[in-house]
Amino acid sequence: MRPQGLPCGIIPFILDNMLDFGDYISTIPDIPHQNFAQLLEQSSKDYAEKDAILYRSGKRQDFTRWTFARYGEECRRVARGLLAAGLVKGDRVVLWAENRPEWMAVWMGTVIAGICIVPVDFLVSEQECLNIIKITRAKAFFYSGRKRDFALSLPGKGITLPVSVCISPDEDSAAATVPETVHEFDRFGADAGGQVLPPPDSIAFNDPASIVFTSGTTGFAKGVTLSHKNIIANASAAIRILQPNDQDIFMNVLPLHHTYPTVCSFVVPVSFGIPVVIAEKIVGKVVIDDIRDAGVTFLIAVPLLYDKVMDAIESGYGKLPGILRGPLNLLRIIALAEAKKGRPEFGQKVFRFIRKKAGMHSLRIMVAGGGPLSPQTADFFDSFGFNIVHGYGMSENSPLISVNTPRHKRNVSVGLPVSYTEVKIIDVGPDGIGEIAAKSPSVMLGYFENEEATKEVINEDGFLLTGDLGYRDEDGYIYIKGRKKNLIVNSGGKNIYPEEVEAHFNNSRLISEVLVVGRKEPVYGGEEIFAVVVPNFEAIKQDYEGLENNDEYIKSLIKKTIEEVNRTLPGYKKISNFTLRKEPFEKNAQQKIRRFIYKYYAERGEE
C-alpha cells in the first residue's frame with residue numbers, strides 16, 4: 001500500500017518520483033488474524049511437528065526443542081491457569097525474566113486469554129519492577145529464579161498477587177524453601193484442564209495485548225499500550241519487507257521485553273512457522289556457537305553486537321598475510337559496490353570462506369535495530385557478503401517504521417517506510433530538517449492511564465510525533481540527525497545535532513564513549529559544544545604501555561583525537577572543550593546513553 005500524503009524533505013520531491021513502493025515491499029500476504037488467539041490456533045496446528053523454539057543453557061551440547069504443537073499446549077496451559085485463578089479480560093500480568101521458551105509461553109498464554117502482558121526489562125532495579133507492579137495493579141507475576149527473593153518479599157511490601165510463578169531455575173537465589181503459595185511453571189495450570197478458554201473471535205483487534213514501560217533516554221517511564229492489531233500489523237509489515245521463508249531459522253539474542261525483538265524475533269517466526277533459536281546470553285562465543293550448530297539464517301540484533309563481531313572478524317582478517325589481503329581488499333571494494341546496488345551475491349560467493357571461518361556462513365541476512373548502526377559497520381559486513389540491513393522504529397509504533405532491504409539499501413539512511421506506514425517531516429527548518437512523524441495501524445493505543453502524555457505524541461491526524469529530527473531524500477529514504485530534545489543551538493542560530501557529532505568517534509581506537517552536550521556561551525547566550533569522553537583504557541594500555549595511569553597524557557591523546565575530528569567538521573559543529581570520565585555511561589536496554597542523568601555536564605564548572 002502506497003503511503004498517502006506528500007512527505008517533506010531536504011530535497012523537494014513528489015511521490016511519483018519516489019522509488020515505487022511495490023518494488024521493495026513483497027506481495028507476501030498479511031497475517032490473516034485479528035488477534036493472537038487466532039494466530040496461535042493456526043500456527044500450532046499447521047506447523048505442529050515443526051520445531052518452534054530451540055534453546056540451550058550452561059554446558060549443554062544439545063538444544064532443548066519445543067515443537068509448535070508443544071508451544072501451543074504450553075501457552076494454553078498458562079492461559080487456563082490464569083483464568084482458573086480468577087483473572088479476567090483486561091487484567092495485567094507482569095513478566096520479569098530472562099529470555100527462555102517459558103517467557104514466550106507466558107507472553108502468548110496471557111494474551112490468548114484476553115489478558116494484558118507487561119514484560120519488564122530484566123536489568124531494571126527491584127524498585128522499578130515494584131513500581132510497575134503497583135502502577136498496573138497486576139494480578140499475576142511470572143519471574144526468573146534469580147528474582148525469587150524479590151517475589152517472596154512482595155507480601156511484606158503490601159502486594160498480594162493471586163498468581164506468583166517462577167519460570168526458571170533459581171541457582172543464584174538465597175531462598176532455601178519455596179512456600180506452597182508459589183507456583184512452579186510446570187505445575188501452573190496443569191490441573192485447570194477443564195477451564196474454558198475464550199473463543200478466539202471474542203478478543204477484539206483493538207483490545208490491549210501488551211504494556212511496555214520504556215524510559216528511553218529521558219528518564220520518565222511511560223507504559224506504551226499496544227493492541228493485538230498494533231503488534232500483528234507490524235509483524236506483517238516486517239514479513240513483507242524482509243521476506244523470510246519456511247527454510248529460515250531465526251535467532252533471538254535481544255531481551256524479549258522490548259518491542260523490536262518481540263515483533264521481529266518472536267511474533268514473526270511464530271506466525272510464519274519458522275524456528276527461533278534463543279541465545280542464552282549475549283556473549284560472542286555463545287552466539288556464534290548457536291548460529292553454527294543450529295544453522296541460523298536470520299539474525300536480528302542491536303548494533304552493539306555487530307560492532308563486537310566486526311572487531312573479532314577484523315582482528316582475524318588482519319592476521320592474514322599482506323600479500324593475500326591486497327587482492328582481497330580489491331574484491332571487498334567490488335563486493336561493497338555490488339551490495340549498494342542491491343546485489344549482495346558477489347560478496348556472498350567470494351567471501352564464503354571468511355564467513356565460514358567466523359562460524360557465520362549459514363546467515364542469509366542480518367538485521368540491526370534498536371539503535372543507530374554505523375555506516376562504516378554496515379559497509380564492513382557488506383564488503384564480506386554478510387548482507388546486513390538496518391531500520392528505524394520506536395515502541396510507540398510497535399516498533400518498525402522503516403527498513404533498508406538487501407535490494408534497496410543506503411547504509412547512511414534508515415531505509416524506506418514499511419507497509420501501510422506514512423512518514424512525513426513536519427516543522428521543517430531552514431536546513432530542510434524537521435521532526436519525523438509516522439502514521440500506521442501500529443501506532444499505540446496510548447500511554448497507560450496517561451492521556452496527557454499520549455496527546456503530546458499523537459496529533460489530531462493520528463500521526464505519531466517521534467521526537468526524532470531528520471529528512472527524506474528524493475527517493476524517500478529517511479535520514480535521522482538526532483533527537484529534538486537534544487538539539488543544540490549556537491549563538492548564530494545554527495542547529496547542531498549531538499548524535500551526528502558523536503558518530504564521528506564511532507571507530508576511534510582511543511575513545512570508548514562520547515556524550516556531546518550544549519553549554520551556554522557566557523557572552524552571546526547561545527550554546528557551544530562540549531564533549532564528555534570515556535577513554536578506551538584497554539587500547540591505551542596496549543598502545544602506550546606504562547602511561548595508562550597518566551591522566552595528563554591520556555587527556556593529551558584525547559585532545560589530539562578531538563582535534564582530528566574537528567578538522568573534518570564545519571566551524572559551528574566543532575567541539576570547543578571536553579572533559580574525561582572514567583566510568584562508562586549508564587544506558588537503557590537498547591544500549592543508548594541515558595542522557596537525562598548527565599544534564600549536569602551542560603553546566604559550566606562541571607569539568
Side-chain angles (χ1 to χ4, degrees), residues 24 238 241-245 248-254 260-261 264-265 268 277 279 282 284 287-288 290-292 296-317 331-393 400-416 418 477-480 503 506-507 590-591:
Y24 78 94
I241 203 164
L242 293 175
Q243 304 179 39
N245 61 63
D248 277 320
I249 298 176
F250 274 52
M251 183 171 193
N252 179 57
V253 297
L254 304 176
Y260 171 44
C264 295
S265 305
V268 165
V277 179
I282 308 179
V287 173
I288 297 300
D290 282 355
I291 290 173
R292 182 191 62 240
V296 172
T297 62
F298 223 105
L299 177 63
I300 297 174
V302 291
L304 179 63
L305 177 66
Y306 291 121
D307 288 339
K308 290 181 177 179
V309 173
M310 178 183 71
D311 290 343
I313 293 174
E314 198 166 34
S315 176
Y317 183 73
L331 293 173
R332 287 180 63 190
I333 293 172
I334 297 172
L336 177 58
E338 286 290 292
K340 289 185 174 182
K341 295 175 183 175
R343 300 194 292 259
E345 292 81 7
F346 178 84
Q348 289 172 345
K349 291 178 181 178
V350 172
F351 291 105
R352 189 177 188 278
F353 77 99
I354 292 283
R355 299 194 306 280
K356 185 172 184 178
K357 188 174 181 61
M360 302 171 69
H361 60 288
S362 63
L363 289 177
R364 181 172 73 84
I365 187 170
M366 302 192 305
V367 184
L373 178 72
S374 163
Q376 291 81 11
T377 300
D379 286 353
F380 175 87
F381 281 109
D382 280 342
S383 75
F384 282 113
F386 274 102
N387 198 12
I388 189 169
V389 300
H390 64 290
Y392 163 62
L400 293 184
I401 293 175
S402 66
V403 179
N404 280 285
T405 77
R407 303 297 178 188
H408 303 86
K409 64 189 301 184
R410 292 177 186 172
N411 288 339
V412 294
S413 84
V414 292
L416 295 157
V418 298
Y477 285 84
I478 302 168
Y479 299 78
I480 297 176
N506 284 346
N507 297 310
Q590 290 73 55
Q591 294 303 302

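Fair warning: this is a prediction, and the values are worked out from it, not measured in the lab. The chain is numbered in sequence order, starting from 1.
- The side chain to side chain donor-acceptor pair (under 3.5 Å) with Lys409 is formed by just one residue from the set Asn387, Asp382, Asn404; it is Asp382.
- Ala279 and Met251 get closest at one heavy-atom pair: CB-CE, 3.6 Å.
- Between the CZ atom of Phe380 and the CE atom of Met310 there is a distance of 6.5 Å, given to the nearest 0.5 Å.
- Here the straight-line distance linking atom CZ of Phe298 with atom CG of Leu242 works out to 4.5 Å at 0.5 Å rounding.
- At least one side-chain heavy atom of Asn411 sits less than 4.5 Å from a side-chain heavy atom of His390.
- The two residues Ala335 and Phe351 come nearest to each other via the heavy atoms CB-CE1, 4.3 Å.
- Pro406 is listed as a side-chain neighbour of Ile365, based on a closest heavy-atom distance under 4.5 Å.
- Distance OH/Tyr392 to CG/Leu400: 11.5 Å, rounded to 0.5 Å.
- Contact check for Ser265 versus Leu254: no side-chain heavy atoms found under the 4.5 Å cut-off.
- Distance CD/Glu338 to CZ/Arg343: 4.0 Å, rounded to 0.5 Å.
- Between Arg364 and Asp248, at least one side-chain N (NZ, or NE/NH1/NH2) sits under 4.0 Å from a carboxylate O, which counts as a salt bridge.
- Ser402 contributes a side-chain N or O that, together with a main-chain N or O of Val414, makes up a donor-acceptor pair within less than 3.5 Å.
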Quick one, His361 with Phe353, criterion side chain to side chain contact (heavy atoms under 4.5 Å, CB included). Give me CA distance, side-chain angles, the key distance, then yes/no. CA-CA 8 Å; His361 60 288; Phe353 77 99; over 6 Å; no
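- Residue Glu314 holds its CD atom at 8.0 Å from CZ of Phe384, rounded to the nearest 0.5 Å.
- Between Phe386 and Phe381, the two ring planes are perpendicular [angle over 60°; tilted spans 30° to 60°].
- Leu373 has its side chain within reach of Ile388: a pair of non-hydrogen atoms, C-beta onward, lies under 4.5 Å apart.
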Is there a side chain to side chain contact (heavy atoms under 4.5 Å, CB included) between Val367 and Tyr260 once you walk through the steps? CA-CA 11 Å; Val367 184; Tyr260 171 44; 3.9 Å; yes
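- Residues Arg407 and Glu345 are paired through a salt bridge, judged by an N-O separation under 4.0 Å between the basic side chain and the carboxylate.
- Among all heavy-atom pairs drawn from Val403 and Val418, the shortest one is CG2-CG1, 3.8 Å.
- With a 4.5 Å cut-off on side-chain heavy atoms, Asn506 and Asp307 do not count as touching.
- Taking all atoms of both residues into account, the shortest heavy-atom contact from Gly359 to Ile291 is O-CG2, 3.7 Å.
- By the 4.5 Å heavy-atom criterion applied to side chains, Met360 and Val309 are counted as neighbours.
- In this structure the side chain of Asp379 reaches within 4.5 angstrom of the side chain of Lys340, judged on heavy atoms.
- For the pair Tyr306 (side chain) and Thr377 (backbone), a donor-acceptor distance under 3.5 Å is absent.
- For the residue pair Ile478 and Ser413, the shortest heavy atom distance occurs at O-CB, 3.2 Å.
- Side-chain contact check for Asn252 versus Ile300: every heavy-atom pair is 4.5 Å or farther apart.
- Between the Ser362 side chain and the Thr297 main chain, no donor and acceptor come within less than 3.5 Å of each other.
- Distance CG/Asp290 to CD1/Ile249: 11.5 Å, rounded to 0.5 Å.
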